[in-house]
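When a ligand or atom number is given, it counts from 1 through the structure's own listing order.
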Amino acid sequence: MILFGSVSFCFTVKERSFNLIQFSKVKLSVRSMASHIVGYPRMGPKRELKFALESFWDGKSSAEDLQTVAADLRSSIWKQMAAAGIKYIPSNTFSYYDQVLDTTTMLGAVPPRYNWNGGEIGFDTYFSMARGNASVPAMEMTKWFDTNYHYIVPELGPEVKFSYASHKAVNEYKEAKALGVDTVPVFVGPVSYLLLSKPAKGVEKTFDLLSLLDKILPIYKEVIAELKAAGATWIQFDEATLVKDLEAHQLQAFTKAYTDLQSACSGLNVLLATYFADVPADAFKTLTTLPGVAGYTFDLVRGEKTLDLIKSSFPSGKYLFAGVVDGRNIWANDLAGSLSVLESLEAIVGKDKLVVSTSSSLQHTAVDLVNETKLDDEIKSWLAFAAQKVVEVGALAKALAGQKDEAFFAANAAAQASRKSSPRVTNEAVQKAAAALRGSDHRRATNVSARLEAQQKKLNLPILPTTTIGSFPQTIELRRVRREYKAKKISEEEYVKAIKEEIYKVVKLQEDLDIDVLVHGEPERNDMVEYFGEQLSGFAFTANGWVQSYGSRCVKPPIIYGDVSRPKAMTVFWSTMAQEMTKRPMKGMLTGPVTILNWSFVRNDQPRFETCYQIALAIKDEVEDLEKAGITVIQIDEAALREGLPLRKAEHAFYLDWAVHSFRITNVGVQDTTQIHTHMCYSNFNDIIHSIINMDADVITIENSRSDEKLLSVFREGVKYGAGIGPGVYDIHSPRIPSTEEIHDRINKMLAVLETNILWVNPDCGLKTRKYGEVKPALENMVAAAKKLRAALASAK
Ligand SMILES: CN1c2c(nc(N)[nH]c2=O)NC[C@@H]1CNc1ccc(C(=O)N[C@@H](CCC(=O)N[C@@H](CCC(=O)N[C@@H](CCC(=O)O)C(=O)O)C(=O)O)C(=O)O)cc1
Ligand SMILES: N[C@@H](CCS)C(=O)O
Ligand SMILES: [Zn+2]
């Protein structure tokens, strides 16, 4: 039994290695210091959960097999944190799919279309909500704040009958306890849960989500009562919406909720967690006066202004969980710098009330550096993944307690110094070229209508032209080919032959389907960002630095450590090969600078816009090389432009200015007849539509169908859009095959608000996660729907 703070404990750590420098011993005896981890990655160091989930979904393993993998992962994480001396260890941060969906499940808020009949919610209902099933589409998925993680959006209306329908949190608390680890159960806080939800169909415009507070709090109270009975002493509510610009009535909801929960929580220490940005002054005031709250976590990496608020008005007697170790990046902490911040905070809140923490859940960083055996040693010394960050938190807490590990701190200081002075970080020519970009507008000389006219003369496309977003299914065979080529098990010749055959198959398929503007299918790419990162200077890449993106899907963000340049053309070989296979236009396919930036682990030693301009220059060279090679349609994906929007409105204009500028830099040099497309996932664009127009692309394809066609409302409300636009006509995240009629109706809805001559017909996003058995009939139906409408429009003339 572990008693926090006082009793030492020992256990054997089997498979994990916690820190390259000092935690490699097998037997550890550790005393917990004032330290806390907001949350931890759940996929496992080698994506064990991903493979277990996919095997279960494919019917290749049982629910018990999946549960066993999950329990092993949880157990190893808890033990790892205990071994690092972490005092406040989170539980319930594991999820089979998503923590917001887990909350929906806990509250029994299952939309009626999933036919749940009450009782404890099982995998069937849970995964149907997440992924859809043969007869019902999945729930909407959207970005979690400004991260590349996606959550399942709760659909709530006045009719929802809440009930306590999943005991997962309590079960996990007990499971950890049985392993000898007393944990802090973590919940999406009730107010953030409602603020992250959407009103159910039919009440979209009228329903006040916060009116459900009184209905969900009783369920939270039931859970709290069970946790208390099981012996919990702390409980964490993640209320990260507090970092956004909230209105007065939304802030009041926090006061109402925590006042109401106060008596249920008596005997428990309530920890309120915020992360990802500064807490605005009004929110800081509200949250620090909430009744019954014992402590707060603040993101002190992204939230420098919060530090000022803490210094001026942190309430006495409360715990401050200071998030000094970055949960969103992979850089080793500057331990000396953090220690001095912590010491200054100690003077404000008192020695016994300061707890060292992470800036956010570590869910958004890679798992364990120990698995990076091929990474360059110097670069490796600059990095810390989740497992190493746990050790950093522990080391800082020990240092605060007067037990500083001098060797650990000295090694850290040496790594920090090496990163600052390493010549591999700096490329003066690149810095100069990027600096010269500032101050000018970089806009194509001819306006978009004239450009579209010139392009149409060359392309001669029908109305409602059909296209896809770029990727075709990533088969096991394709992954094998790439893996074997990387491992030098097959020759370059064999690799090129295999990829060429795949491209040919994809081109022929599109011709058979009668798609108008083709793609090569991206078979040579492991990921739309990592692929470019691997070819650009200034980037490093990992073997196992996976981060969950949604469900079982993970990404391996490349690491930008230095000035970025393009040693040679990156896509011209494959794009020209594909163009030679067909007479139809073949889109050159690039990832844009803002997306490369937002989906990489980015350097923290210069402003983000500097790095973005450097990437923009590299992509500009690629665009121009593609044009020279005869590619007439070039798509520059800016899938992550919306996601990078700062959480606070005051910072939007600055970001949008440099982000949109970076995009325009990439294609300012092309001829009028070269058609520039861009693509964006997730259609929450209504507030930034003018910036999207300002990107000045010739054609934009946007996700639309999984979010109830919210995108169209912008045009309904009168925004004029003169460039080509392809709001997605079906959801590619679900295995469900849309019918011709369904797609036809969707296009018809679009035609009601958009001019016929600018509308394109395409899926929501790339097809890489789908199987050919789904893609072929879906695209067949998509083309059939477009043709039906073309015929109807022609006969109506
Ligand atoms: C479009 N999206 C993207 C986002 N972010 C990105 N960085 N990229 C995106 O495309 N964000 C928003 C959306 C939705 N998000 C995703 C995220 C992830 C996927 C996806 O399909 N991921 C794959 C992994 C991709 C990958 O790099 N695969 C490698 C395989 C490397 C590997 O694991 N090799 C293993 C063997 C595995 C095997 O299959 O054989 C090994 O070498 O041992 C590759 O393809 O080469 C995933 O499966 O999670 C989609 C949308
Ligand atoms: N071209 C990429 C964009 C995804 S956002 C793809 O099709 O996968
Ligand atoms: Zn997309």
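When only interatomic distances are considered, the shortest N/O to N/O separation between H733 and ligand 1 does not fall below 3.5 Å. Taking only nitrogen or oxygen atoms, main chain and side chain alike, C765 does not reach within less than 3.5 Å of ligand 2. Considering backbone and side-chain N/O atoms, Q635 never comes within less than 3.5 Å of an N/O atom of ligand 2. Checked by distance only, ligand 2 and D637 come closer than 3.5 Å through their nitrogen or oxygen atoms. At a 3.5 angstrom cut-off on N or O pairs, S549 counts as close to ligand 1. For the pair W599 and ligand 1, the shortest N or O to N or O distance does not fall below 3.5 Å. An N or O contact shorter than 3.5 Å links S471 to ligand 2 by distance. At under 3.5 Å, a nitrogen or oxygen of D527, whether backbone or side chain, sits near a nitrogen or oxygen of ligand 1. Residue-to-ligand polar distances place R482 within reach of ligand 1: an N/O pair is separated by less than 3.5 Å. Between R479 and ligand 1, an N or O atom pair is found at a separation short of 3.5 Å.
Figure legend: cation-pi geometry between K505 and Y772, with NZ or CZ positioned under 6.0 Å from the six-membered ring centre and within 45° of its axis.
Shortest non-hydrogen contact noted between E774 and P735 is OE2-CB, 3.4 Å. The two atoms that bring I469 and G766 nearest to each other are CB-N, 3.6 Å, heavy atoms only. When all heavy atoms of I732 and P763 are compared, the closest pair comes out as CG2-CB, 3.7 Å. Across all their heavy atoms, D98 and R42 have their closest contact at CA-NH1, 4.2 Å.
Of the candidates T769, T147, I476, V481, T769 brings a heavy atom nearest to atom 50 (C) of ligand 1. In the candidate list W546, F51, Y550, W546 is nearest to atom 24 (C) of ligand 1, counting heavy atoms. Around atom 21 (O) of ligand 1, the closest heavy atom drawn from E643, R553, K556, R483 belongs to R553.
Proximity of C554 to ligand 1 is established by a heavy-atom distance of less than 4.0 Å. Residue contact annotation: R47 has a non-hydrogen atom under 4.0 Å from ligand 1. Taking a 4.0 Å cut-off on heavy atoms, M680 fails to register as neighbouring ligand 2. Ligand 1 lies less than 4.0 angstrom from a heavy atom belonging to H150. At least one heavy atom of K768 sits less than 4.0 Å from an atom of ligand 1.
For ligand 1 and K50, the ligand atoms under 4.0 Å from any heavy atom of the residue are 47 (C), 48 (O), 49 (O). Distances below 4.0 Å separate heavy atoms of V555 from the following atoms of ligand 1: 5 (N), 6 (C), 7 (N), 8 (N), 17 (C), 18 (C). For ligand 2, the atoms sitting less than 4.0 Å from at least one non-hydrogen atom of K768 are 8 (O), numbered in the order shown with element in parentheses. Short contacts between ligand 2 and E522, defined as distances under 4.0 Å to a heavy atom of the residue, involve ligand atoms 1 (N), 2 (C), 6 (C), 7 (O), 8 (O). Proximity to H679 (heavy-atom distance under 4.0 Å) selects the following atoms of ligand 2: 3 (C), 5 (S). Against a heavy-atom cut-off of under 4.0 Å, G470 is close to the following atoms of ligand 2: 7 (O). Residue M589 approaches ligand 2 through these ligand atoms, each under 4.0 Å from one of its heavy atoms: 1 (N). Annotation for ligand 2: atoms under 4.0 Å from non-hydrogen atoms of G766 are 6 (C), 7 (O), 8 (O).
In this structure, CG in L369 is found 10.5 Å from CG in N544, a value given to the nearest 0.5 Å. Put simply, CD1 on I688 and CD1 on I693 are 11.0 Å apart, with the number rounded to the nearest 0.5 Å. For the atom pair OG1 (T475) and CZ (R480), the distance works out to 9.5 Å, reported to the nearest 0.5 Å.
Annotation for K489: atom NZ does not count as buried by contact number, only 12 or fewer foreign heavy atoms lying within 6.0 Å. Annotation for K500: atom NZ does not count as buried by contact number, only 12 or fewer foreign heavy atoms lying within 6.0 Å. More than 12 heavy atoms of other shown residues, nucleotides or ligands fall within 6.0 angstrom of atom OH in Y149.
Y275 and W144 have tilted rings, their planes meeting at an angle from 30° to 60° on a 0 to 90° scale. Under the 30°/60° scheme for interplanar angles, the aromatic rings of W658 and F609 are found to be tilted. Using cut-offs of 30° and 60° on the angle between ring planes, the pair W57 and Y97 is tilted.
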### Query
Would K587 and T467 satisfy side chain to side chain donor-acceptor pair (under 3.5 Å), going step by step from the backbone distance to the final call?
CA-CA 9 Å; K587 287 196 270 190; T467 192; 3.0 Å; yes

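Scanning the protein for heavy atoms near atom 11 (N) of ligand 1, the closest one is N148 OD1, 2.7 Å. For atom 5 (S) of ligand 2, the closest non-hydrogen atom of the protein is C681 SG, 3.1 Å. The protein heavy-atom contact nearest to atom 4 (C) of ligand 2 is M528 SD, 3.4 Å. Protein heavy atom nearest atom 26 (C) of ligand 1, with residue, atom name and distance: N526 O, 3.3 Å.
With salt bridges taken as basic N to acidic carboxylate O contacts below 4.0 Å, none links K768 and E522.
S95 and D102 form a side-chain donor-acceptor contact under 3.5 Å, judged by distance and modelled atom types alone.
An angle of 120° is found at the Zn ion (ligand 3) between C681 atom SG and H679 atom NE2, rounded to 10°.
Checked by atom type and distance alone, the side chain of D764 pairs as donor or acceptor with a backbone atom of N704 at under 3.5 Å.
At a heavy-atom distance under 4.0 Å, only side-chain atoms of A639, from C-beta outward, approach ligand 2.
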